[in-house]
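Report on the following structure.
The analysis underlying the following values was restricted to heavy atoms, covering all of them including side chains, and did not include hydrogens, waters or symmetry mates. Quick note: residue numbers are just sequence positions, from 1.
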Amino acid sequence: MAGYRDKYFENNKSNHGWYTCVRCGKKLRKSDVDIDHIIPQNWGGKHNLNNLQCMCKHCNRSKQDNVDFNIVKDYSRNVVKNTKKNIKKNVKNSIKNLFK
Ligand SMILES: [Zn+2]
C-alpha cells in the first residue's frame, strides 16, 4: 500500500518541502499529504502517476468515492503534466546524445 505514495513523491518534487492540495490550494507538509486516486481504486483506478494526486485530508475525505466531472479535469491535468515531463526528459537525453 505504501508503494504508490513513494512513487508519487519520487516523481513530484516538493516546493521547498511544501505540497499543494489540488482542490483547495492549501499548502501541506509531506506528512499531511493524502495521495488521492483520481479514479477510485474500487472503480478500477490504478497506482500509476496519471491517477495519483496530492490532496489535503479534508478534501480527500469529502471527495470519498464520488465520481464527477472533477475526475476528468484532474486526470487530464496529470496526463498533460506527466507527458510534458517525459518530453522534456527525452529532449534532454537526445541533446546529450548529440554531444557524446
Ligand atoms: Zn484541500
Lys73 and Asn70 side chains, donor-acceptor separation under 3.5 Å: yes

Give a yes or no answer on whether the side chain of [X] reaches the backbone of [Y] with a donor-acceptor pair at less than 3.5 Å.
X     : Y     : result
Asp34 : Asp36 : no
Lys46 : Gln41 : no
Asp32 : Leu28 : no
Asn51 : Ile39 : yes

Aromatic plane relationship, Tyr19 with Phe9 - under 30° parallel, 30 to 60° tilted, over 60° perpendicular: perpendicular

In one Ile/Leu/Val/Met/Phe/Trp/Tyr side-chain cluster, 4.5 Å: Tyr8, Trp18: no

Val79 with Trp43, same ILVMFWY side-chain cluster at under 4.5 Å: yes

Tyr75: ring pair (Phe, Tyr, Trp, His ring centres under 6.0 Å) partners, not counting sequence neighbours: none

Derivation and outcome, side-chain hydrogen bond (donor to acceptor under 3.5 Å, both in side chains), residues Asn60 and Lys57: CA-CA 5 Å; Asn60 199 14; Lys57 292 186 196 316; over 6 Å; no

Which atom of [X] lies closest to which atom of [Y], heavy atoms considered:
X     : Y     : result
Cys21 : Cys24 : SG-N, 3.5 Å
Gln53 : Val22 : OE1-CG2, 3.4 Å
His37 : Lys63 : O-NZ, 2.8 Å
Val33 : Ile35 : CG1-CD1, 3.6 Å
Gly25 : Thr20 : O-CG2, 3.6 Å

Which distance, rounded to the nearest 0.5 Å, do you find between the [atom1] of [X] and the [atom2] of [Y]?
X     : Y     : atom1 : atom2 : answer
Ser14 : Lys27 : OG    : NZ    : 11.5 Å
Ile38 : Ser76 : CD1   : OG    : 8.5 Å
Leu49 : Asn78 : CG    : CG    : 8.0 Å
Arg5  : Cys54 : CZ    : SG    : 9.0 Å

Worked check of side-chain contact (heavy atoms from CB on, under 4.5 Å) between Asn50 and Lys81: CA-CA 9 Å; Asn50 285 337; Lys81 190 180 74 182; over 6 Å; no

Other residues, nucleotides, ligands: >12 heavy atoms within 6.0 Å of Lys85 NZ: yes

Sequence neighbours left out, cut at 3.5 Å: what donor-acceptor pairs do the side chains of residues 86-93 make with other protein atoms?
unit_1 : atom_1 : unit_2 : atom_2 : d
Asn86  : ND2    : Asn82  : O      : 3.4
Asn90  : ND2    : Asn86  : O      : 3.4
Asn93  : ND2    : Lys89  : O      : 3.4

Pair Asp74 + Arg23, salt bridge at N-O below 4.0 Å: yes

